[in-house]
Engineer: 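The following block contains the structure, expressed as structure tokens.
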Amino acid sequence: MYLKKIYIGFQRWGFRLDGISRRTKMLWEIFFALTLFLGSVLVRIYWYQHHFTEVYGTMEYCEMAVKKGGNEVPRILHGISYLYTEILTWLFAFLGNKLSAGIILQVILQSAGILFVFLGVRNLLGRMEAVVSLALLSFLPVMIVSVFTLTPENLYFFLFAGMWFLISCYKKWNDSAEKSIVGKYSRLLLSGVGIGYMIYLDIAGVLLLITLLSILSESRGSVKEKISSTVFLLIVSFACVGLLLWFWSFYNKTSLIQTIGCFIELYFPLSVWNYEIAAPDITTAGNILVFSGVLWYLFGVFVKRKNKSGFVVISLLLLLLSVFLGIPYIDYQILGTLYWSVLAAAGAAVVLEMGRLMMPAEEWKIPTEPEKLEEMKKERLSGINMEDRDIEEPEKKKIVLIENPLPLPKKHVKKTMDYRFEPEPELMKFDIEIKENDDFDLQ
């Protein structure tokens, strides 16, 4: 009985949300997004002013970036580490060797990455999921602590989120209308080049490839078109990785085979196999909050009612089982938190549709025809309970009207125009008789 009341309550609230206009939803979305984004920036500034004493973690990248006598930055095969060191070198040369400059860079990179994640989730899943993921990434303690860690993680998070947003735009474009073959393969070419560059920077870029392949599998078109698009994307992506590795071997004057071997050994060392699964947050409360949303999402997937884009689950499994093999150069905590947060945001949307997910409609004797569903929606909006639907309405009394006592307007009588004096017919002659040969000359 209590379960049924909970079910009815969630159904009623769900229909009320459906009744909100699209413009109102968009205004609320803009309000929450701007508030959360501004709050995330202010929290990081407050933490820097009141709680910051020293940077966390390793100082390796900071020491390599410090300019000493014009020494060159060490050439690191790990792409994102080399790129991050070069950026720090330029930043310290311009602003001085100050840790605050690196922290400001981290704040900018992470804030921009969070904004890209919000836009990408909005295109791939929806408004509500985007707002919830924005809130989690903005205020989870693990994200705030990572700002004060001078590692390439935030730079890669920014590039990863930006590329993820572009891939979500590809999905939106693909669903809008049929486009030309040239435009389709041009976008696949650019996407493949971007994904290949991200894989070269770090092996976690494979997650972007999984995401786009999932979008292609769900896109419009025949099976032949999907296969050709998938093959073209794979060829472009791995060709880009190979070209970048060849350029690196040419730049360092080493053989391509040796460079490829070092690249593989970098992520999958033969001597050490270390499985490391990053939790969503560093605090117990944050982990419980995120795991609760993930459980709701998995519940929606299993009942096959709330399975929005299975790429999220596939990417998460790949993130947990493949990326964490070996001892990588950077920590994947932020990327792990990204996927955990997206899953939790999808679970928050499942909670709002809990009534539809709890049990089949037949068990609750809910009609599935569109007309009856629309009738139920109107009744819930007016506050009518489902249990009162079977109560017969009392018979209405016939209303007897009395005769109108007021005088009615007189009936219109059509009148004919006439003269008061009627002359005799002899007097009604007005013609003047003239002679036949009269030419009207005056004499």
Side-chain angles (χ1 to χ4, degrees), residues 30-67 80 84-85 87-119 121 130-162 278-293 330-342 344-345 348:
I30 294 173
F31 170 75
F32 282 119
L34 291 178
T35 303
L36 292 172
F37 182 73
L38 181 61
S40 67
V41 176
L42 293 178
V43 164
R44 284 153 178 78
I45 295 175
Y46 174 81
W47 193 278
Y48 173 73
Q49 291 180 346
H50 296 85
H51 298 279
F52 173 72
T53 56
E54 59 181 358
V55 294
Y56 304 118
T58 179
M59 293 288 294
E60 178 183 1
Y61 299 97
C62 184
E63 293 173 355
M64 287 190 297
V66 173
K67 287 285 187 177
I80 193 64
Y84 181 73
T85 307
I87 293 176
L88 277 184
T89 302
W90 176 86
L91 187 66
F92 288 159
F94 184 72
L95 299 177
N97 299 330
K98 300 177 181 179
L99 295 178
S100 58
I103 294 173
I104 292 174
L105 174 65
Q106 299 289 77
V107 172
I108 295 174
L109 292 175
Q110 191 177 107
S111 300
I114 291 174
L115 185 60
F116 278 130
V117 170
F118 168 77
L119 297 175
V121 174
V131 172
V132 175
S133 61
L134 176 62
L136 292 175
L137 292 175
S138 297
F139 300 107
L140 282 178
V142 65
M143 299 295 293
I144 299 175
V145 170
S146 65
V147 171
F148 305 98
T149 307
L150 296 183
T151 62
E153 194 174 4
N154 279 295
L155 175 60
Y156 193 70
F157 170 70
F158 163 71
L159 296 175
F160 189 93
D281 193 27
I282 57 177
T283 62
T284 305
N287 289 330
I288 293 175
L289 178 65
V290 176
F291 282 139
S292 300
I330 65 172
D331 188 10
Y332 295 99
Q333 178 66 62
I334 293 185
L335 289 183
T337 304
L338 163 64
Y339 278 96
W340 284 115
S341 300
V342 172

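Scope of the values below: all heavy atoms of this structure, side chains included, with no hydrogens, waters or symmetry mates. This chain uses plain numbering: 1 for the first residue, then up along the sequence.
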Engineer: Looking only at heavy atoms, what is the nearest atom pair of Met143 and Thr337, with distance?
Structural biologist: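 Taking Met143 first and Thr337 second, the nearest heavy atoms are SD-CG2, 4.1 Å.
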Engineer: For the residue pair Asp281 and Pro141, what are the closest heavy atoms and their distance?
Structural biologist: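 So the two residues come closest at OD2-CD, 3.0 Å.
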Engineer: Just to verify, what does Thr35 make a side-chain hydrogen bond (donor to acceptor under 3.5 Å, both in side chains) with, not counting sequence neighbours?
Structural biologist: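 Thr35: no side-chain hydrogen bond (donor to acceptor under 3.5 Å, both in side chains) contacts found.
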Engineer: Is the closest side-chain heavy-atom distance between Val132 and Val121 below 4.5 Å?
Structural biologist: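 With C-beta onward as the side chain, the pair stays apart.
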Engineer: Just checking, is any N or O donor in the side chain of Ser146 or Glu153 under 3.5 Å from an acceptor N or O on the other one?
Structural biologist: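 Note: Ser146 and Glu153 side chains miss the donor-acceptor criterion.
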Engineer: At their closest point, which heavy atom of Ser341 faces which heavy atom of Leu140, and how far apart are they?
Structural biologist: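 Ser341 and Leu140 have their closest heavy atoms at OG-CD1, 4.1 Å.
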Engineer: Answer whether the closest heavy-atom distance between the side chains of Ile334 and Leu338 falls below 4.5 Å.
Structural biologist: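 No - every pair of side-chain heavy atoms lies 4.5 Å or more apart.
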Engineer: Please report the C-alpha distance between Ile104 and Leu95 in whole Å, then the side-chain angles of each, then the deciding distance to 0.1 Å, and finally whether the side chain to side chain contact (heavy atoms under 4.5 Å, CB included) criterion is met.
Structural biologist: CA-CA 11 Å; Ile104 292 174; Leu95 299 177; over 6 Å; no
Engineer: Report the distance from atom CG of Asn154 to atom CG of Leu105, rounding to the nearest 0.5 Å.
Structural biologist: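 Between atom CG of Asn154 and atom CG of Leu105 there are 8.5 Å.
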Engineer: Side chains of Leu289 and Leu136: does their closest heavy-atom pair fall under 4.5 Å?
Structural biologist: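 Side-chain contact under 4.5 Å: yes.
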Engineer: State the OG-CG distance between Ser40 and Leu134, to the nearest 0.5 angstrom.
Structural biologist: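 Taking OG in Ser40 and CG in Leu134, the distance rounds to 6.5 Å.
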Engineer: Between Leu36 and Ile114, is the side chain to side chain contact (heavy atoms under 4.5 Å, CB included) condition met? List the steps.
Structural biologist: CA-CA 11 Å; Leu36 292 172; Ile114 291 174; over 6 Å; no
Engineer: So do Val117 and Phe157 actually touch side chain to side chain, heavy atoms under 4.5 Å?
Structural biologist: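 A side-chain contact under 4.5 Å exists here.
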Engineer: Flag the pair Ile103 / Val147 as yes when at least one side-chain heavy-atom distance between them is below 4.5 Å, and no otherwise.
Structural biologist: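 Sidechains of Val147 and Ile103: in contact.
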Engineer: Relative to each other, are the rings of Tyr156 and Phe160 parallel, tilted or perpendicular (30° and 60° limits)?
Structural biologist: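 Ring orientation of Tyr156 relative to Phe160: tilted.
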Engineer: Side-chain contact test, heavy atoms from C-beta onward, threshold under 4.5 Å: evaluate it for Val142 versus Pro280 and give yes or no.
Structural biologist: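 Sidechains of Pro280 and Val142: no contact.
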Engineer: Measure from the side-chain N and O atoms of Arg44 to the backbone N and O of Ser138, and report whether any donor-acceptor pair falls under 3.5 Å.
Structural biologist: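 Such a contact is found between Arg44 side chain and Ser138 backbone.
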Engineer: What's the verdict on side chain to side chain contact (heavy atoms under 4.5 Å, CB included) for Val131 and Phe118, showing C-alpha distance, side-chain angles and the deciding distance?
Structural biologist: CA-CA 7 Å; Val131 172; Phe118 168 77; 4.1 Å; yes
Engineer: List the atom of Leu99, the atom of Cys62, and the distance in Å for their closest heavy-atom pair.
Structural biologist: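 The pair with the smallest heavy-atom distance is CD2-SG, 3.7 Å.
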Engineer: Side-chain contact, heavy-atom cut-off 4.5 Å: Leu159 with Ile80?
Structural biologist: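 They are in side-chain contact.
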Engineer: Any heavy-atom pair between the side chains of Thr151 and Tyr84 that's under 4.5 Å?
Structural biologist: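 When only atoms from C-beta onward are counted, Thr151 and Tyr84 do not touch, as no gap falls below 4.5 Å.
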Engineer: Mind telling me whether Phe291 and Trp340 have parallel, tilted or perpendicular rings, with 30° and 60° as the class edges?
Structural biologist: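 Rings of Trp340 and Phe291: perpendicular, as their planes differ by over 60°.
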Engineer: Could you pull out the closest heavy-atom pair between Tyr61 and Thr85, with the gap in Å?
Structural biologist: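 Closest approach of Tyr61 to Thr85, heavy atoms only: CD2-OG1, 3.7 Å.
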Engineer: CD/Gln106 to OG1/Thr149 distance, rounded to the nearest 0.5 angstrom?
Structural biologist: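 Interatomic distance, Gln106 CD to Thr149 OG1, rounded to 0.5 Å: 7.5 Å.
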Engineer: Nearest 0.5 Å, what's the CD1-CG distance between Ile108 and Leu155?
Structural biologist: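 One finds 12.5 Å between CD1 of Ile108 and CG of Leu155.
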Engineer: Ser111 and Phe37: which non-hydrogen atoms are nearest, and at how many Å?
Structural biologist: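 Scanning both residues, the minimum pair turns out to be O-CE1, 3.4 Å.
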